[in-house]
Undergrad: 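Below: one structure in structure tokens.
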Amino acid sequence: MKRACETPFPLSLPAEIFDARLTDGDEFRYRGAMKRCLIVFGTRPEVIKLAPVVYALRERTGGVGITLCSTGQHRQMLDDTLRAVDLHPDIELNVMQEAQHPTDLLGRLLLKLRPVLAETDPEVVLVQGDTTTVAAAAFAAYLHGAKVGHVEAGLRTQDKRAPFPEEINRRVTGVLADYHFAPTARARDALLAEGVAPDSIFVTGNTVVDSLRWMRDRIAGRPAGIQLPDGRYRLVLVTAHRRESFGQPFREFCYALRDIVRRFDDVHMIYPVHLNPNVQRPVREILGDCERIRLIEPLGYAEFVALLSQVHLVLTDSGGIQEEAPSLGKPVLVLRDKTERPEGVGAGVVRLVGMQRERIVAEASRLLSDPAAYAAMAREVNVYGDGLASRRIAEVVLDGKMSSAPFKGDQERLEA
Ligand code: UD1
Ligand code: UDP
């Protein structure tokens, strides 16, 4: 069922929305599991990380009571991702505007979410991560009186300006949440230190690993979705889009990429450029005519996972890619000074290099010229998840308790 929802006026969703998929035979099977659950998402990473949760909930409920609401904070990038994971929102709020300011976006989201909550009247609202959609949906859900389930809770840099505004979005959501799905023990400890009730925290692993494994199996044996240069080149995958880096830091990073390909004639960079105009402008201007730096449109999730599986090195400021690359044994240089995902750094497979030109060039050059340094980082580690996070989350949402054992990363298993 697709709902257009262009205005903040009541939606008049029919009551059947909650049992549209219930047939006679299914009723007996699913009745015990029924719970009205609204799942809200707005950007590419939220869809990637919530898709396995949706599927886990559907497996238990047949989809009864599960409503998907897209805020449309992203447009093309969201639609491409929804296609990749075969999901279709029941409700579409279509909020994105060109070069949107987070304050304006927050206002539009709150206005449009209120009638959705009034009409769907969920018992639980599930959100994922730290975007403006997440903070707005958690607040609107709280004001409505629904319980808030926060997937990927407890990640912190302890710096409210980095990542900006995501650190605050995530903290605000943590204050509003009733179920905190902490991906790792470290995230759980951060929540405990803030006084969150221990029995509301569940260490689930990160659902990004569930998605990655699912997609990897789905595309196994298929060629990469894009044409790659021949085997004599080492591929470097680049992505960057953080707001706190806009302006001069972003330009420095672009110049660093130029320096690296000049220094290494066997390096070929592939850079799917984020659609934010603040990213597009400097990237196209500085790197538009650079040999061996291929600027491409954002890739579909399947194509992206296929590419990630084949590259030599990753340079990124992305949260999700920082988690995916170590699961595939790919070294990552993180284009940030701080990360809320330090588990990969602790395991020695991720390094923080910031956005300063000389530092990026020096760190990348070290990995491109020193085989021992490269080998030390090119290890597959299991620090973010074990592929069972979504099942654990579904248990809590539907049963109120987690019957599966909590996630333990490589390090904790070694220490146990
Ligand atoms: C948002 C999230 C960030 C997340 C990122 C994922 C916030 C505050 N930030 O940042 O945490 O890492 O999404 O990519 O919520 N645009 C398009 N088409 C698209 C998507 C974006 O044209 O499909 C352009 C639009 O001009 C839009 C701009 O990008 O206004 C910024 O989008 P927005 O969602 O506000 O911020 P992101 O930088 O994408
Ligand atoms: N991704 C994608 N296509 C791309 C780049 C990234 O599908 O061209 C996926 C990637 O696999 C990861 C997610 O998008 O799961 C990361 O999204 P992004 O970097 O936009 O946001 P962040 O994770 O930083 O919030």
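Just the heavy atoms: all of them, side chains too, but no hydrogens, waters or symmetry mates, feed the values below.
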Undergrad: Verify, without hydrogens or angle tests, whether K330 (side chain) and V311 (backbone) share a donor-acceptor contact under 3.5 angstrom.
TA: yes
Undergrad: Within 45° of the axis and under 6.0 Å from the centre of the six-membered ring of Y55, does NZ or CZ of R58 qualify?
TA: yes
Undergrad: Looking at G205 and A389, what are the two nearest heavy atoms and their distance?
TA: O-CB, 3.2 Å
Undergrad: At their closest point, which heavy atom of A325 faces which heavy atom of V332, and how far apart are they?
TA: CB-CG2, 3.3 Å
Undergrad: Over all heavy atoms of both residues, which pair between L313 and P331 is shortest? Give the atoms and the distance, please.
TA: CD1-O, 3.6 Å
Undergrad: Do L368 and I260 have side-chain heavy atoms sitting under 4.5 Å apart?
TA: yes
Undergrad: Between K112 (side chain only) and V95 (backbone N and O only), is there a donor and an acceptor less than 3.5 Å apart?
TA: no
Undergrad: Using a 6.0 Å cut-off, check whether atom OH of Y142 has over 12 heavy atoms from anything other than its own residue.
TA: no
Undergrad: Using modelled atom types and a 3.5 Å cut-off, is there a donor and acceptor pairing between side-chain atoms of N278 and backbone atoms of R243?
TA: no
Undergrad: Can you list every side-chain hydrogen bond (donor to acceptor under 3.5 Å, both in side chains) pair that touches residues 178-187, not counting sequence neighbours?
TA: T184-E343
Undergrad: Looking at every non-hydrogen atom in both residues, tell me the closest pair between R392 and A405 and how far apart they are.
TA: NE-O, 2.7 Å
Undergrad: Set out, in order, the CA-CA distance, both residues' side-chain angles and the distance that settles side chain to side chain donor-acceptor pair (under 3.5 Å) for S327 and E324, then state yes or no.
TA: CA-CA 5 Å; S327 303; E324 290 164 341; over 6 Å; no
Undergrad: For the side chain of E244 and the backbone of F164, is there at least one donor-acceptor N/O pair under 3.5 Å apart?
TA: yes
Undergrad: Nearest 0.5 Å, what's the CZ-OG distance between R336 and S245?
TA: 8.5 Å
Undergrad: Donor-acceptor pair, E123 side chain versus K147 backbone, under 3.5 Å?
TA: no
Undergrad: Taking all non-hydrogen atoms of both residues, which atom of R44 and which atom of P298 are closest, and how far apart?
TA: NH1-CB, 3.7 Å
Undergrad: Can you find a pair of side-chain heavy atoms, one from V397 and one from L126, that are under 4.5 Å apart?
TA: yes
Undergrad: Would one find more than 12 heavy atoms of other residues, nucleotides or ligands at under 6.0 Å from atom CD of Q248?
TA: yes
Undergrad: For the residue pair E46 / T131, report whether a side-chain donor-acceptor contact shorter than 3.5 Å exists.
TA: yes
Undergrad: Could you please spell out the steps behind the salt bridge (charged side-chain N to carboxylate O under 4.0 Å, His left out) verdict for R357 and D259?
TA: CA-CA 9 Å; R357 181 173 179 174; D259 294 346; 2.8 Å; yes
Undergrad: Please step through salt bridge (charged side-chain N to carboxylate O under 4.0 Å, His left out) for the pair D79 and R75, ending with a clear verdict.
TA: CA-CA 6 Å; D79 294 343; R75 196 60 287 156; 2.7 Å; yes
Undergrad: Is there a side-chain contact between R188 and L192 (heavy atoms, below 4.5 Å)?
TA: yes
Undergrad: Donor-acceptor pair, distance only, cut-off 3.5 Å: does the side chain of S200 make one with the backbone of V196?
TA: no
Undergrad: If you count heavy atoms of other groups shown closer than 6.0 angstrom to CD of E291, is the number above 12?
TA: no
Undergrad: Could you go through the side-chain contact (heavy atoms from CB on, under 4.5 Å) check for L228 and I270 one step at a time?
TA: CA-CA 9 Å; L228 296 177; I270 302 184; 3.6 Å; yes
Undergrad: Verify side-chain contact (heavy atoms from CB on, under 4.5 Å) between V267 and M269, making sure each step is shown before the conclusion.
TA: CA-CA 6 Å; V267 162; M269 292 188 176; 4.2 Å; yes
Undergrad: Do E340 and T157 meet the criterion of a side-chain donor-acceptor pair at a distance under 3.5 Å?
TA: no
Undergrad: Is the backbone N or O of G344 less than 3.5 Å from a side-chain atom of Y384, with the two atoms forming a donor-acceptor pair by type?
TA: yes
Undergrad: If you define the side chain from C-beta out and look only at heavy atoms, does anything of P89 sit under 4.5 Å from L82?
TA: yes
Undergrad: Go through it in stages, so that I can follow the logic: the residues are S390 and D210, the test is side chain to side chain donor-acceptor pair (under 3.5 Å), and I'd like the CA-CA distance, side-chain angles, deciding distance and then a yes or no.
TA: CA-CA 7 Å; S390 315; D210 306 23; 2.6 Å; yes
Undergrad: Is there a side-chain contact between E152 and T207 (heavy atoms, below 4.5 Å)?
TA: no
Undergrad: Are the side chains of L315 and L237 in contact, using a 4.5 Å heavy-atom criterion?
TA: no
Undergrad: Rounded to the nearest 0.5 Å, how far does OG1 of T71 lie from CG of L113?
TA: 7.0 Å
Undergrad: Just by distance, do the side chain of E395 and the backbone of K401 share a donor-acceptor pair under 3.5 Å?
TA: no
Undergrad: Go through the steps for R232 and D230 under the test salt bridge (charged side-chain N to carboxylate O under 4.0 Å, His left out), then give the verdict.
TA: CA-CA 6 Å; R232 100 192 103 121; D230 65 51; 2.8 Å; yes
Undergrad: Is there side-chain contact between T81 and I48, with heavy atoms separated by less than 4.5 Å?
TA: yes
Undergrad: Starting at NZ of K160, measure out to CD of E167 and round the result to the nearest 0.5 Å.
TA: 11.0 Å
Undergrad: Taking atom CD of E297 as the centre, does the number of heavy atoms from other residues, nucleotides or ligands within less than 6.0 Å exceed 12?
TA: no
Undergrad: State, without any angle test, whether R263 and S365 hold a side-chain donor-acceptor pair at a distance under 3.5 Å.
TA: yes
Undergrad: Using side-chain heavy atoms (C-beta onward) and a distance below 4.5 Å, is L117 in contact with V125?
TA: yes
Undergrad: For F202, does the CZ atom have more than 12 heavy-atom neighbours from other residues, nucleotides or ligands under 6.0 Å away?
TA: yes
Undergrad: Going by side-chain hydrogen bond (donor to acceptor under 3.5 Å, both in side chains), name the pairs with one or both residues in residues 370-379, residues two or more places apart or in two chains.
TA: H312-Y374
Undergrad: About how many Å separate CG of L333 and OG1 of T316, when rounded to the nearest 0.5 Å?
TA: 10.5 Å
Undergrad: For R218 and D86: C-alpha separation, side-chain torsions, deciding distance, then whether salt bridge (charged side-chain N to carboxylate O under 4.0 Å, His left out) applies.
TA: CA-CA 12 Å; R218 203 171 182 190; D86 285 339; 2.8 Å; yes
Undergrad: Please report the interatomic distance CZ(F41) to NE2(H74), rounded to the nearest 0.5 Å.
TA: 13.5 Å
Undergrad: Roughly how far, to the nearest 0.5 Å, is CG of L295 from CD1 of I293?
TA: 7.5 Å
Undergrad: Treating H150 as the side-chain partner and G129 as the backbone partner, does any N or O pair qualify as donor plus acceptor under 3.5 Å?
TA: yes
Undergrad: When you look at L111 and L109, which way does the side-chain contact (heavy atoms from CB on, under 4.5 Å) test go after all the steps?
TA: CA-CA 5 Å; L111 280 175; L109 285 165; over 6 Å; no
Undergrad: Less than 6.0 Å separating the ring centroids of F253 and F250?
TA: yes
Undergrad: Please check if the side chain of Q280 supplies one atom and the backbone of N276 the other of a donor-acceptor pair under 3.5 Å.
TA: no
Undergrad: Could you pull out the closest heavy-atom pair between L287 and R258, with the gap in Å?
TA: CD2-CG, 3.5 Å
Undergrad: Before you tell me yes or no, could you show the steps for T239 and V273 under side-chain contact (heavy atoms from CB on, under 4.5 Å), namely the whole-Å CA-CA distance, both residues' side-chain angles and the distance that decides it to 0.1 Å?
TA: CA-CA 7 Å; T239 81; V273 188; over 6 Å; no
Undergrad: Report the residues that fulfil side-chain hydrogen bond (donor to acceptor under 3.5 Å, both in side chains) with R108, sequence neighbours left out, ordered by chain and then residue number.
TA: Q97, Q100
